[in-house]
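What follows is one structure encoded as structure tokens, with my remarks underneath.
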Amino acid sequence: MSGTGTNLQALLDACGDPAYGAAIIAVGADRPEIEGLARAERAAVPTFVLRVPDFPDREAWDRALAERVGEYQPDLVVLAGFMKLVGPAFLSRFGERTVNTHPALSPSFPGMHGPRDALAYGVKVTGCTLFIVDKGVDTGPIVAQRAVPVLDGDDEAALHERIKVAERDMLVDTVGRMIRAGWSVTDRKVTLG
Ligand code: GAR
């Protein structure tokens with residue numbers, strides 16, 4: 001993760017209720033001393049950091065990430081605000097059970113600046129997308145989406161904040177359903193339950 005970890009916090013809060021049905025077993029980041037790690041520590045969730053510059057190349061980092069995540073044997077890996085692309089080693093092991101959240105309505109505005117790109121294009125509706133990670137940039141099968149209106153006078157920060165409210169709700173609702181009921185993917189169509 002790279003942001004302030006509000007999506008993570010929403011999941012940590014949801015997991016505090018046993019009826020939610022999911023538990024966060026570890027939180028990883030690609031940099032130390034970020035708010036997301038502090039949030040995990042406050043919730044007594046184990047954390048780890050794997051920095052790309054500590055490895056000879058991206059492939060070695062990717063292999064180490066897959067190894068480390070594998071130690072926890074997760075049913076689902078959630079990339080919430082994780083701004084790095086995972087590579088082939090990670091995807092071959094976790095590709096069908098890794099989701100990512102993106103602050104735009106895919107397939108529009110992939111990449112690092114979803115809210116900014118949506119504003120610049122002049123769309124009236126944007127939103128957020130939860131998708132199963134594949135080797136593309138925000139291209140994987142879509143698990144859930146929420147629409148968010150673009151308001152007159154929005155700047156990037158205001159729009160992104162409004163998207164993030166919807167994003168947290170989408171993430172908590174969908175991750176819980178995935179864990180409680182399972183999911184399947186057929187020809188890009190994701191079915192829960
Ligand atoms: C979220 O809006 C997430 O979708 C976005 O960064 C924010 C992180 O917020 N990710 C991307 O744009 C990835 N392409 P958070 O750190 O408060 O959860």
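Order of appearance sets the numbers: ligands from 1, and atoms from 1 within every ligand.
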Mind checking whether His113 contacts ligand 1 via backbone (N, CA, C, O), side chain (CB onward), both or neither, at a 4.0 Å heavy-atom cut-off? neither

Gly111 N/O under 3.5 Å from ligand 1 N/O: yes

Just so I know, are the side chains of Glu67 and Arg63 near enough to count as touching, which here means a heavy-atom distance under 4.5 Å? no

Ligand 1 atoms in contact with His160 (distance to a heavy atom under 4.0 Å): 1 (C), 2 (O), 7 (C)

Charged N to carboxylate O below 4.0 Å: is that the case for Glu71 and Arg68? yes

Carboxylate-amine/guanidinium proximity below 4.0 Å for Arg42 and Glu35: yes

Best match, Gly81, Pro115, Gly5, Ala80: closest heavy atom to atom 16 (O) of ligand 1: Gly5

Do any pairs count as a ring pair (Phe, Tyr, Trp, His ring centres under 6.0 Å) and have a residue in residues 117-167, sequence neighbours left out, and if so which ones? Phe109-Tyr121

